[in-house]
Amino acid sequence: MVEHSALSVTRQGYDAVAPTYARMFRDSLRDSPLDRAMLGVFAEVVRTGGDGGQVADLGCGPGHVTAHLDELGLSAFGVDTSPAMIELARQAYPRLRFDVGSMAALDIADRVLGGVLARWSIIHTPPQELPVILAEFHRVLAPGGHLLVGFSATDGPSHPTQVFDHTVAPAYRWWPDHLAALLRESGLAEVARTVREPQPTDRRQFQEVHLLARKAQAGAA
């Protein structure tokens, strides 16, 4: 697959800021109880649903969330487009596996994963290219496997997608119902969602959304 320009820009941007990003976000879950709760739910449904199996943290950055999934009892590994981020993740968590890769063409076999985490990692995907990413998520998930995707919401249902300012690379937000519809079209049925309202001190006054979706069991209607 020929690499598209958005992926190249994203890789270069995160390579340039990798050490700063790692310092800023390595402990971000500590002050995010709702995020920890959603990751806990994700871990539980992966352990008890489908056939279990490995979990891929796609867009893993410096690896702190991959490590958290490992602490929750999952067999987790990380994938990121930025070689600099992957190097930092390997240094910080040498016991875990981290690979350089693209969400649009994952080096993962079909139907082998119990779970896929895409936490704020689809934000740099141009809207017209998102179905390709979601199709990859569906391909690598085992029947009954779960996807947890985190993203920022648009200002309302009249805006299916919106561009927003991001210091690293061009970025996009989605209206939750629109993204849920794209997931359904890709064979992933929504199970639950959380919506976090922006706090007065937040730099960006966007809702933050987690969507939990599930791939149908083999033979299901």
Side-chain angles (χ1 to χ4, degrees), residues 6-7 9-10 13-14 21 24-25 28-29 32-42 45 55-62 64-66 68-69 78-82 85 102-104 106 115-138 140-141 146-199 202-215:
L7 178 62
V9 169
T10 300
Y14 279 100
Y21 186 98
M24 290 177 61
F25 292 102
S28 59
L29 289 176
S32 302
L34 184 59
D35 286 6
R36 294 198 308 273
M38 281 304 296
L39 291 170
V41 169
F42 173 68
V45 297
V55 172
D57 178 10
L58 303 181
C60 66
H64 58 295
V65 178
T66 316
H68 184 72
L69 295 178
V79 178
D80 200 278
T81 189
S82 164
M85 287 288 194
S102 164
M103 292 189 297
L106 293 165
V116 167
L117 177 66
R119 188 171 178 270
W120 275 266
S121 54
I122 65 168
I123 65 171
H124 301 298
T125 302
Q128 68 273 14
E129 297 175 12
L130 186 59
V132 173
I133 303 292
L134 300 183
E136 276 292 271
F137 294 171
H138 182 272
V140 299
L141 279 170
H146 284 81
L147 164 71
L148 181 62
V149 57
F151 58 98
S152 296
T154 64
D155 295 333
S158 61
H159 300 283
T161 63
Q162 284 179 298
V163 177
F164 72 93
D165 64 310
H166 195 285
T167 56
V168 176
Y172 307 85
R173 347 181 229 150
W174 283 266
W175 184 244
D177 289 347
H178 175 62
L179 186 53
L182 292 177
L183 289 172
R184 286 195 301 273
E185 292 170 6
S186 300
L188 299 164
E190 181 181 353
V191 174
R193 72 175 72 177
T194 61
V195 180
R196 176 188 176 274
E197 295 294 334
Q199 302 303 301
D202 290 345
R203 184 167 73 88
R204 296 189 181 99
Q205 292 295 296
F206 306 152
Q207 290 179 333
E208 294 183 349
V209 181
H210 281 93
L211 282 178
L212 180 66
R214 184 173 182 266
K215 181 175 176 176

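The basis for the numbers below is simple: all heavy atoms, side chains too, and nothing from hydrogens, waters or symmetry mates. The shown structure was predicted, so the numbers you read here are calculated from the model rather than taken from an experiment.
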Pairwise distance CE(Met38) to OG(Ser32) - rounded to 0.5 angstrom:
13.5 Å
Examine distances only and state if a side-chain atom of Arg193 and a backbone atom of Leu211 form a donor-acceptor pair shorter than 3.5 Å.
no
Side chain to side chain contact (heavy atoms under 4.5 Å, CB included), that's the test. Do His210 and Arg119 meet it? Break it down for me.
CA-CA 8 Å; His210 281 93; Arg119 188 171 178 270; 4.0 Å; yes
Where is the tightest heavy-atom contact between Leu188 and Leu134, given as atom of each residue plus distance?
CD1-O, 4.3 Å
NZ or CZ of Arg204 within 45° of Phe164 ring axis and under 6.0 Å
no
Can a donor-acceptor pair be found, under 3.5 Å and without considering hydrogens, that links the side chain of Ser121 to the backbone of Leu58?
yes
What one should report as the nearest heavy-atom pair of Ile123 and Trp174 is CA-CZ3, 3.9 Å
Are any non-hydrogen side-chain atoms of Pro62 and Tyr21 less than 4.5 angstrom apart?
yes
Over all heavy atoms of both residues, which pair between Gln205 and Asp202 is shortest? Give the atoms and the distance, please.
NE2-O, 2.9 Å
Check: Cys60 main-chain N/O paired with Asp80 side-chain donor or acceptor under 3.5 Å:
yes
Between the side chain of His146 and the main-chain N/O of Phe42, is any donor-acceptor distance below 3.5 Å?
no
Please answer whether the main-chain N or O of His159 pairs with a side-chain N or O of Thr154 as donor and acceptor at a distance below 3.5 Å.
yes
Could you report the tightest heavy-atom contact between Ala153 and Arg173, atom names first, then the distance?
O-NH1, 2.9 Å
Which heavy atom of Pro176 sits nearest a heavy atom of Phe151, and at what distance?
CA-CZ, 4.0 Å
Whether the side chain of Gln162 engages the backbone of Pro160 through a donor-acceptor N/O pair (distance < 3.5 Å, no angle test) should be reported.
no
Could you check if a side-chain atom of Leu179 sits within less than 4.5 angstrom of a side-chain atom of Ile122, using non-hydrogen atoms only?
yes
Give me the atom names and distance for the closest heavy-atom approach of Ala169 to His166.
O-CB, 3.3 Å
Any side-chain heavy atom of Glu190 sitting closer than 4.5 Å to one from Leu183?
no
Verify side chain to side chain contact (heavy atoms under 4.5 Å, CB included) between Gln207 and Arg196, making sure each step is shown before the conclusion.
CA-CA 6 Å; Gln207 290 179 333; Arg196 176 188 176 274; over 6 Å; no
Could you walk me through whether Leu39 and Leu117 satisfy the side chain to side chain contact (heavy atoms under 4.5 Å, CB included) test, starting with their C-alpha distance in whole Å, then the side-chain angles of each, then the deciding distance to 0.1 Å, before giving a yes or no?
CA-CA 9 Å; Leu39 291 170; Leu117 177 66; 4.0 Å; yes
